[in-house]
Amino acid sequence: MPLYPMFVDLAGREVLVVGGGEVALRKIEALLQAGARVRVHAHELHPQLVALQAQGCLERLEGDFDEAWLAQAQLLVVATDDAGFNARLAALAEARRVFVNVVDDAGLSSFQVPAVIDRAPLQLAISSGGAAPMLARRLRERLEAGLDPALGPLARLFARHRAAIRERLPDLARRRRWFDAVIDGAVPALLRAGREADAEAAFLALLESRHPAGGGRISLVGAGPGDPGQLSLAALRAMNLADVLVVDPAVSDAVLALARKDAAREPVADAPAAAGQQVRAHAAAGRHAVWLRPGDGFRVAPFDAVAARLAQDPWPCELHPGIASAGG
Ligand SMILES: C[C@@]1(CC(=O)O)c2cc3[nH]c(cc4nc(cc5[nH]c(cc(n2)[C@H]1CCC(=O)O)[C@@](C)(CC(=O)O)[C@@H]5CCC(=O)O)C(CC(=O)O)=C4CCC(=O)O)c(CCC(=O)O)c3CC(=O)O
Ligand SMILES: NC(=O)C1=CN([C@@H]2O[C@H](COP(=O)(O)OP(=O)(O)OC[C@H]3O[C@@H](n4cnc5c(N)ncnc54)[C@H](O)[C@@H]3O)[C@@H](O)[C@H]2O)C=CC1
């Protein structure tokens, strides 16, 4: 049977941990981060747990294990290397209806701990249900690299203005379209560029206008030597959010095939300055223009200078370097 996924509020709630090794340390760090009150019982405590105890972050329970400790706990984490003891503790917890995690036995656990990607307040949790913890970990690492770091600040923006959003856009269908426009528009790009204040201003302007348009934006993509496998994830993301693709004839079809299907496509102007003007006009009209050049096309003269000028315009302009091709 599949496990039931849930996110638990442990702030101020008590968790009993039995075992004090490497694995107990990992679990306790996550528990403390969630605000749990942690009590630990172990013959030997990992030095970092001793340090946490000295700082008053956790309480150590001495002597022989006492079943009465369970009375106050809402969760039990069992992390000793004594399988028989672990099984006995799991049975005690079950009898008292305390949820229990046995770190080396999914079958004895009434809850398990997933691999987590943290873009607070956004969290992604991955579970293999105990089938293959290493797989959950690997998947986490892969997703971690591809997930926009602006997600956390973006979620915080939505949280901060939640009441105002509901008030300005009481109609759900309209609110949905507005959310989509913010998520696909300039605000995340500004956050990625570290321009938090500009992002908030753009966010509030969109809210004020109740307008679903995301605002103009430019992405300059170095498309590399032609193999789509060599595109950066950020470049791919931009190509998939484009309203219009401004395409250099030397960009490979294989790369273009990965761009958003319903984006308009047009050939780039011959002269570099005219090409700059071409993408600027799209951004000024509120469109997300993605200009593709082969190789590391925006770090070679004279296009580096065109890119530098575009970066001074009011709308966000992101440069995605490519792998230089033989010809530059
Ligand atoms: C059932 C579960 C119990 C529980 O909830 O704790 C459990 C059980 C076991 N883990 C084992 C091994 C390892 N587990 C990890 C890592 C993680 N294990 C986690 C969860 C879970 N592990 C739960 C299931 C979750 C699911 O399936 O989705 C993660 C996701 C979360 C966390 O623990 O924080 C965290 C990744 C965090 C991240 O990186 O994102 C590593 C890698 C490492 O440590 O770096 C190793 C190799 C260590 C080595 O072999 O050296 C073994 C075999 C022991 C052996 O073979 O000897 C068992 C027992 C068995 O499979 O039978
Ligand atoms: N869930 C997971 O992610 C993983 C689980 N494991 C498994 O988790 C278990 C713990 O791993 P580690 O922390 O590396 O082990 P460890 O050997 O470092 O720590 C074991 C801890 O349990 C305590 N302990 C042992 N018997 C006890 C008892 N009767 N009463 C009180 N305390 C007792 C020890 O004092 C020590 O603090 C192992 O069985 C290991 O195979 C290992 C890797 C990952």
Side-chain angles (χ1 to χ4, degrees), residues 1-10 13-36 38-54 57-70 72-94 98-120 122-147 149 151-152:
M1 234 168 311
L3 298 172
Y4 179 71
M6 65 180 185
F7 286 85
V8 180
D9 181 359
L10 285 181
R13 303 206 158 90
E14 187 162 318
V15 178
L16 177 61
V17 179
V18 182
E22 199 75 47
V23 175
L25 172 64
R26 186 169 79 233
K27 307 281 170 175
I28 286 171
E29 283 171 336
L31 289 166
L32 290 175
Q33 232 166 18
V38 175
R39 305 213 294 168
V40 189
H41 170 69
H43 291 157
E44 286 188 49
L45 275 195
H46 190 285
Q48 278 176 257
L49 288 175
V50 174
L52 284 169
Q53 183 196 4
C57 298
L58 55 82
E59 184 188 342
R60 182 170 187 179
L61 298 167
E62 315 266 359
D64 289 334
F65 178 82
D66 182 353
E67 201 183 325
W69 294 334
L70 269 173
Q72 294 170 55
Q74 293 192 279
L75 296 178
L76 172 65
V77 176
V78 178
T80 84
D81 50 356
D82 174 345
F85 187 46
N86 288 354
R88 189 163 77 81
L89 290 172
L92 283 175
E94 198 57 47
V98 170
F99 275 97
V100 60
N101 173 228
V102 183
V103 298
D104 63 352
D105 196 328
L108 287 179
S109 301
S110 52
F111 77 94
Q112 295 178 18
V113 181
V116 175
I117 301 170
D118 180 9
R119 296 282 184 278
L122 206 70
Q123 296 189 78
L124 276 80
I126 303 161
S127 163
S128 78
M134 283 306 281
L135 187 60
R137 183 206 174 124
R138 281 288 294 275
L139 190 56
R140 178 201 35 98
E141 287 170 349
R142 233 163 62 197
L143 290 171
E144 188 91 59
L147 266 187
L151 280 171

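Both ligands and their constituent atoms are indexed starting at 1 by order of listing.
Under a 4.0 Å criterion applied to the non-hydrogen atoms of Glu22, ligand 2 contributes the atoms 13 (O), 14 (O), 18 (O). Close contacts of ligand 1 with Ser127, meaning ligand atoms under 4.0 Å from a residue heavy atom, involve 28 (O). Close approach of ligand 1 to Asn101 is summarised as follows: ligand atoms under 4.0 Å from at least one heavy atom of the residue are 3 (C), 4 (C), 5 (O), 6 (O). Set against the non-hydrogen atoms of Ala42, the atoms of ligand 2 under 4.0 Å away are 31 (C), 32 (N), 37 (O). Residue-ligand proximity, Gly129 to ligand 1, at heavy-atom distances under 4.0 Å covers atoms 26 (C), 27 (O), 28 (O).
Note that the CZ atom of Arg140 and the CG atom of Asp118 stand 10.5 Å from one another [nearest 0.5 Å]. To the nearest 0.5 angstrom, Leu45 atom CG is 7.5 Å from Ile28 atom CD1. Interatomic distance, CD1 of Ile126 versus CZ of Arg138, reported as 12.5 Å (0.5 Å rounding). Between the CG atom of Leu58 and the CG atom of Leu52 there is a distance of 5.5 Å, given to the nearest 0.5 Å. We find the CD-CG distance between Glu29 and Leu32 to be 8.0 Å, quoted to the nearest 0.5 Å.
Distance screen at 4.0 Å: atom 57 (O) of ligand 1 has no protein heavy-atom neighbour inside the cut-off. Within 4.0 Å of atom 26 (C) of ligand 1, at least one protein heavy atom is present. Protein heavy atoms all stay at least 4.0 Å away from atom 15 (O) of ligand 2. Less than 4.0 angstrom separates atom 35 (C) of ligand 1 from at least one non-hydrogen atom of the protein. Less than 4.0 angstrom separates atom 53 (C) of ligand 1 from none of the non-hydrogen atoms of the protein. At a distance under 4.0 Å, a protein heavy atom can be found next to atom 3 (C) of ligand 1. Less than 4.0 angstrom separates atom 41 (C) of ligand 1 from at least one non-hydrogen atom of the protein.
Scanning the protein for heavy atoms near atom 13 (C) of ligand 1, the closest one is Pro133 CB, 4.5 Å. The nearest heavy-atom contact from the protein to atom 43 (C) of ligand 1 is Arg137 NH1, 3.2 Å. Shortest contact from atom 32 (N) of ligand 2 to any protein heavy atom: His43 N, 3.2 Å. The protein heavy-atom contact nearest to atom 22 (O) of ligand 2 is Thr80 CA, 3.3 Å. The closest protein non-hydrogen atom to atom 6 (O) of ligand 1 is Lys27 NZ, 2.4 Å. Protein heavy atom at the shortest distance from atom 17 (O) of ligand 2 is Asp81 OD2, 3.2 Å. Nearest to atom 30 (C) of ligand 1 among the protein's heavy atoms is Ala115 N, 3.5 Å. Considering only non-hydrogen protein atoms, atom 41 (O) of ligand 2 sits nearest to Asp104 CB, 4.3 Å. For atom 37 (O) of ligand 2, the nearest protein heavy atom (residue, atom name, distance) is Glu44 O, 2.6 Å. Protein heavy atom nearest atom 8 (C) of ligand 1, with residue, atom name and distance: Val103 O, 3.2 Å. The protein heavy-atom contact nearest to atom 1 (C) of ligand 1 is Ala106 CB, 3.6 Å. Looking from atom 39 (O) of ligand 1 to the surrounding protein, the closest heavy atom is Arg140 NH2, 2.7 Å. Scanning the protein heavy atoms around atom 10 (C) of ligand 2, the nearest turns out to be Ala79 O, 3.6 Å. Remark: minimum distance from atom 24 (C) of ligand 1 to any protein heavy atom is reached at Gln112 OE1, 3.5 Å. Here the heavy atom of the protein found nearest to atom 19 (O) of ligand 2 is Gly21 CA, 3.4 Å. Given atom 21 (C) of ligand 2, the protein heavy atom at minimum distance is Gly20 N, 3.5 Å.
Taking any N or O of Val103, backbone or side chain, at least one lies under 3.5 Å from an N or O belonging to ligand 2. Geometrically, ligand 2 and Val23 share a nitrogen or oxygen pair separated by less than 3.5 Å. The N/O atoms of Gly130, backbone and side chain alike, include one that comes under 3.5 Å of an N/O atom in ligand 1. Checking only distances, Gly19 never comes within under 3.5 Å of ligand 2, N or O to N or O.
Between Glu141 and Arg137 there is a salt bridge, with a side-chain nitrogen of the basic residue lying less than 4.0 Å from a carboxylate oxygen of the acidic one. Ion pair Arg119/Glu144 flagged as a salt bridge, since at least one NZ, NE, NH1 or NH2 atom sits closer than 4.0 Å to an Asp/Glu carboxylate oxygen.
A donor-acceptor contact shorter than 3.5 Å links the side chain of Ser109 to the backbone of Val102. Remark: side-chain polar atoms of Arg88 are not paired, donor with acceptor, to backbone N or O of Gly84 under 3.5 angstrom. The backbone N or O of Gln74 lies less than 3.5 Å from no partner atom in the side chain of Glu14, so there is not a single donor-acceptor pair. Panel note: side chain Ser110, backbone Val100; a donor-acceptor pair is recorded below 3.5 Å. Judged by distance alone, with hydrogens and angles left aside, the side-chain atoms of Asn86 form no donor-acceptor pair with the main-chain N or O of Val78 at under 3.5 Å. Put simply, the side chain of Arg60 gets close to the backbone of Ala42: a donor and an acceptor are under 3.5 Å apart.
The heavy atom nearest to atom 28 (O) of ligand 1, considering only Ser128, Ala131, Ala30, is found in Ser128. Between Val113, Asp104, Leu135, it is Val113 that holds the heavy atom closest to atom 23 (C) of ligand 1. Of the candidates Met134, Arg26, Glu144, it is Arg26 that places a heavy atom closest to atom 16 (C) of ligand 1.
Between Trp69 and His41, the angle of the ring planes lies from 30° to 60°, which puts this pair in the tilted group.
A heavy-atom distance below 4.5 Å is not found between the side chains of His46 and Val50.
Exactly one of Leu70, Leu92, Val17, Asn101 qualifies for a side chain to side chain contact (heavy atoms under 4.5 Å, CB included) with Leu76. That residue is Leu70.
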(request) List the steps, then state whether side-chain contact (heavy atoms from CB on, under 4.5 Å) holds for Leu139 with Leu135. (result) CA-CA 6 Å; Leu139 190 56; Leu135 187 60; 5.7 Å; no
(request) Please step through side-chain contact (heavy atoms from CB on, under 4.5 Å) for the pair Val77 and Val15, ending with a clear verdict. (result) CA-CA 8 Å; Val77 176; Val15 178; 4.2 Å; yes
(request) Apply side-chain contact (heavy atoms from CB on, under 4.5 Å) to the pair Val38 and Cys57, showing each step before the final yes or no. (result) CA-CA 8 Å; Val38 175; Cys57 298; over 6 Å; no
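The local environment of CD in Gln123 is crowded, with over 12 non-hydrogen atoms from other residues, nucleotides or ligands closer than 6.0 Å. Heavy-atom contacts from other residues, nucleotides or ligands closer than 6.0 Å to CZ of Phe99 number 12 or fewer.
Ligand 1 is never approached by Ser109 to a heavy-atom distance shorter than 4.0 Å. Look at Arg26 and you'll find a heavy atom under 4.0 Å from some atom of ligand 2.
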